[in-house]
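Since the structure comes first, as structure tokens, the remarks are kept for the end.
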2 protein chains.
Amino acid sequence: MVDVVTPPTSPVSRKRSKEIKRLSVIAAARQARVLSRAELTELTGLSPATLTPLVRALIDEGYLIERGPGASRTGRPRAMLEFNPRAELVAAVSLEPSRISCEIADSDGVVIAHRTARLHRDIVETICRFVPELVGDALPALRGVAIAAPGVSSGGAVRLAPAVGLVEGEPIGDSVQQRLGVPVVVDNDVNLMAAGEHAAGAGSDVSDLLLLHVADGVGAGLILGGRVRHGAAGAAGEVGFLPLDPEDRGHDGIGPFEARWSANAIAERVVALRPGHRPSAPVRDLVELSRTDPAAASYLGEVLAAWARLIVSCVCVVDPGRVLLSGAAADLDDAALDRLQSLVTLAAPAPTEVRRAVLGDRAVLHGAVSYALAAAVPAVPPLPVGSP
Amino acid sequence: MVDVVTPPTSPVSRKRSKEIKRLSVIAAARQARVLSRAELTELTGLSPATLTPLVRALIDEGYLIERGPGASRTGRPRAMLEFNPRAELVAAVSLEPSRISCEIADSDGVVIAHRTARLHRDIVETICRFVPELVGDALPALRGVAIAAPGVSSGGAVRLAPAVGLVEGEPIGDSVQQRLGVPVVVDNDVNLMAAGEHAAGAGSDVSDLLLLHVADGVGAGLILGGRVRHGAAGAAGEVGFLPLDPEDRGHDGIGPFEARWSANAIAERVVALRPGHRPSAPVRDLVELSRTDPAAASYLGEVLAAWARLIVSCVCVVDPGRVLLSGAAADLDDAALDRLQSLVTLAAPAPTEVRRAVLGDRAVLHGAVSYALAAAVPAVPPLPVGSP
DNA sequence: AATAGTTTGTTCGCCGTAGGAAGAAAGTGT
DNA sequence: ACACTTTCTTCCTACGGCGAACAAACTATT
């Protein structure tokens with residue numbers, strides 16, 4: 001996340017109070033989708049008298065839409081308010097090795113406009129042209145931009161992403177933020193997927209999870225306490241570098257674990273098992289093959305064992321409680337998933353649920369939405385606590 | 001931490017506003033130790049007009065002490081205010097296998113009173129008798145109690161701590177909280193050490209760190225984003241269970257890693273290397289021995305390699321940026337520490353500083369202080385954010 | 001030494017607003 | 001038709017944040 005310079009303002013100034021109330025109501029409405037003023041009093045703790053003018057303002061702004069009266073057994077029926085997802089738009093930009101894709105979504109994650117193009121040299125320029133074009137006259141509703149880039153990111157700068165032509169440390173987030181005037185967050189794709197699954201997928205019911213993404217490499221996105229954790233240098237989740245086998249060696253940017261157990265590496269073995277067939281989904285093919293071919297079955301066992309040790313390692317360090325499999329790892333069938341779960345349960349020091357991620361390609365988008373919305377909320381300044 | 005039932009109150013009610021201002025000032029004063037009203041305006045963002053009565057109240061309560069005028073080149077000299085650490089007392093209770101120790105400290109971590117006793121059967125009863133006795137007539141200043149227990153803790157209940165006679169899931173925190181009427185936090189000793197080093201030790205300048213504690217077992221305390229992370233089931237930091245060598249097996253509660261590389265395990269090898277000598281500090285002895293004995297030097301190399309792989313594993317998952325060695329691991333000499341640092345740097349995907357912890361025995365106490373103070377601060381209700 | 005200048009802390013008062021209380025609205029059950 | 005319940009609005013008041021003027025306390029300058 002890009003830090004906005006925060007002038008030292010009182011935590012309870014008039015302006016902030018108003019802002020906080022507004023945001024409380026919006027957040028409550030966003031979650032409940034449709035609710036009455038009475039429910040708002042319960043959810044936000046604000047008094048009805050305070051809510052009346054506030055809700056009126058939000059209706060005027062288009063945040064809320066007044067619907068007919070709701071059902072009621074007795075007494076005056078509640079006038080229902082519906083949250084208008086279109087009132088908040090976010091842009092999700094995904095940088096891939098050869099192309100850039102830009103989607104405009106409302107706060108439900110419904111895509112309103114999208115566009116893909118070859119990756120131009122000047123990424124910032126491209127983004128700053130695409131986004132306003134796609135948003136059109138709804139520009140005032142734009143709340144934030146989230147940029148997903150392969151590689152490690154920290155503090156708005158993207159590192160280790162030469163694939164998309166990013167120079168190390170380039171403050172791409174800051175540049176876009178200044179030109180578009182909305183909060184911008186930059187993060188790697190796996191972290192965004194984790195955020196997406198947490199916000200709207202297989203992790204919406206928990207506050208800690210780890211998303212294991214197996215593709216060309218092996219990476220993880222970590223959510224602890226409801227927020228993505230990047231670590232000190234943004235390298236949290238670089239589980240491809242786990243030294244699980246002393247003899248394994250990584251090479252120039254490839255970690256020892258992913259050198260052997262990534263989708264790429266598995267694809268090579270699958271090709272060897274079934275010559276002449278170039279697999280598009282190596283893990284799916286391997287699972288298929290293992291039903292008839294003992295060698296494939298044995299190799300599948302190795303893969304599961306390796307992934308299990310990876311997961312157990314993560315559990316030992318952070319105990320996420322739930323692990324979501326994404327990318328090639330989501331191609332396991334139920335039987336293989338069960339075996340993986342058993343292996344994990346056997347060796348992990350805490351109960352851990354292994355599931356498939358459910359959002360697939362849309363995970364990054366949902367993550368971007370959740371990021372951008374969170375970035376749009378000026379954080380309540382944390383009270384500094386602790387001895388000197 | 002024990003959850004207090006929070007009635008749904010407005011985030012900006014009059015009472016809360018006042019509370020937040022108070023706490024802001026107290027927190028600023030606690031950190032700065034001695035400061036003027038002018039500095040308070042800068043630090044808290046509150047206006048001078050707001051501060052005047054607030055500071056007066058805090059002086060009356062004993063939180064602040066008015067000192068003489070400070071130095072000034074020009075203009076009216078600042079009237080300095082000194083934070084009175086005695087205004088906030090905390091109790092730190094440490095449960096060990098055979099005894100219980102209870103210390104009363106001010107918010108600087110200065111111990112005011114302490115007492116140790118054999119572990120009575122009814123722990124709650126013992127705590128609730130000791131604490132008021134030790135605090136005496138300063139009871140109104142007691143802000144919280146922190147209880148350190150070996151084993152894993154979560155939600156105020158301690159698990160896996162049969163050594164001190166705790167039944168699984170016993171809500172020891174809740175019981176004490178109800179009887180003493182102050183917030184109580186229960187956590188395992190390693191987590192508290194990490195909090196202590198973060199608050200007042202070798203990690204006070206960073207917001208992410210991992211403390212590696214090597215003793216009878218091997219455990220870690222994890223701080224991310226300035227707070228201790230427990231994970232979903234409180235098992236974060238159970239790095240003794242890391243499956244770094246496939247052939248290693250743990251047994252009944254002992255993890256595979258710690259079975260081979262804990263202080264206990266190392267002690268056995270050291271005894272074998274130098275028969276007849278029962279070491280009190282096996283790692284220190286091993287370092288000593290390795291200067292003359294090639295076999296010891298070789299084994300020391302193995303130990304360092306194993307610990308390095310452990311640290312690298314943690315870095316891959318959470319990237320703490322800094323790792324503090326505690327317990328037997330802090331007995332390494334500078335040369336060994338350098339070797340360990342090199343091994344880590346070689347294999348870790350992010351820059352990681354390996355240092356010794358500096359607080360030693362006092363780490364738990366400082367952690368307890370920081371915990372208790374944090375628990376005494378009613379958290380600002382986080383604004384719920386994110387798409388449904 | 002008187003005066004100007006500078007910074008710090010306090011008092012005053014206005015304005016905005018949180019929330020209590022009362023009332024209006026809009027239903028259901030008898 | 002009336003009583004009753006619940007929801008929402010209006011009115012009012014008391015309180016507190018903070019802008020502005022003021023008082024205090026010191027240094028530098030003439």
Side-chain angles (χ1 to χ4, degrees), chain A residues 7-25 28-29 32 34-60 64-82 380-381, chain B residues 7-25 28-29 32 34-60 64-82 380-381:
Chain A
T9 175
S10 162
V12 287
S13 71
R14 293 248 197 282
K15 246 176 256 176
R16 272 203 69 79
S17 288
K18 220 168 177 176
E19 212 174 326
I20 291 175
K21 284 189 301 179
R22 248 183 73 95
L23 291 169
S24 296
V25 172
V34 53
L35 76 180
S36 71
R37 290 170 176 77
E39 287 169 86
L40 274 178
T41 43
E42 288 170 23
L43 289 172
T44 64
L46 299 168
S47 73
T50 309
L51 274 170
T52 293
L54 186 52
V55 166
R56 185 150 34 212
L58 289 176
I59 289 177
D60 287 347
L64 298 175
I65 301 171
E66 186 125 36
R67 297 292 181 204
S72 85
R73 308 202 175 287
T74 170
R76 173 174 175 176
R78 309 179 155 189
M80 303 312 279
L81 301 166
E82 189 182 337
V380 176
Chain B
T9 175
S10 161
V12 287
S13 72
R14 295 251 197 273
K15 246 177 255 177
R16 270 203 70 78
S17 287
K18 222 169 175 175
E19 212 174 325
I20 291 174
K21 285 189 302 177
R22 249 183 72 95
L23 291 171
S24 296
V25 172
V34 53
L35 78 177
S36 71
R37 290 170 176 78
E39 287 170 87
L40 274 178
T41 44
E42 289 169 22
L43 289 172
T44 63
L46 299 168
S47 73
T50 309
L51 275 171
T52 293
L54 185 52
V55 166
R56 188 151 32 214
L58 289 176
I59 289 177
D60 287 348
L64 298 175
I65 302 172
E66 186 125 36
R67 295 295 180 201
S72 84
R73 306 200 179 287
T74 171
R76 174 175 174 174
R78 309 180 155 188
M80 302 313 281
L81 302 167
E82 189 183 336
V380 176

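Just so it is clear, the structure is predicted and the values come from calculations on it, not from any experiment. Each chain gets a letter, A, B and so on, in the order the sequences are listed, and its residues count up from 1.
- Atom CD of Glu39(A) and atom C1' of dC8(D) are 14 Å apart (whole Å).
- Contact check, Arg78(B) against dT8(C): a side-chain N or O comes under 4.0 Å of OP1 or OP2.
- If you check every strand for non-hydrogen atoms under 4.0 Å, Ala49(A) touches a base.
- Leu54(A) has its side chain within reach of Arg22(A): a pair of non-hydrogen atoms, C-beta onward, lies under 4.5 Å apart.
- Between Leu81(B) and Leu40(B), some side-chain heavy-atom pair lies under the 4.5 Å cut-off.
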inquiry  = salt bridge (charged side-chain N to carboxylate O under 4.0 Å, His left out), that's the test. Do Arg37(A) and Glu66(A) meet it? Break it down for me.
reply    = CA-CA 11 Å; Arg37(A) 290 170 176 77; Glu66(A) 186 125 36; 3.3 Å; yes
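- The side chain of Lys18(B) sits closest to dG16(D) out of dG17(D), dT10(D), dG16(D).
- Checking dG19(C), dT17(C), dG9(C) against the side-chain heavy atoms of Ser36(B) singles out dG9(C) as nearest.
- Taking only side-chain nitrogens and oxygens, Lys21(A) never comes nearer than 4.0 Å to OP1 or OP2 of dT17(C).
- Closest to the Arg37(A) side chain, of the nucleotides dG9(C), dC18(D), dC8(D), is dC8(D).
- Met80(A) has its CE atom 14 Å from the C1' atom of dT6(D), to the nearest Å.
- Under the 3.5 Å distance criterion, the side-chain polar atoms of Thr52(A) are left unmatched by any main-chain donor or acceptor of Ala49(A).
- Between dG17(D) and Ser47(B), no contact under 4.0 Å exists linking OP1 or OP2 to a side-chain N or O.
- For Arg16(B) and dG19(C), the shortest distance from a side-chain N or O to OP1 or OP2 is not below 4.0 Å.
- At a cut-off of 3.5 angstrom, the base of dT7(C) holds no donor-acceptor pair with the side chain of Arg76(B).
- Rounded to whole angstrom, the span from the CG atom of Leu46(B) across to the P atom of dG9(C) amounts to 15 Å.
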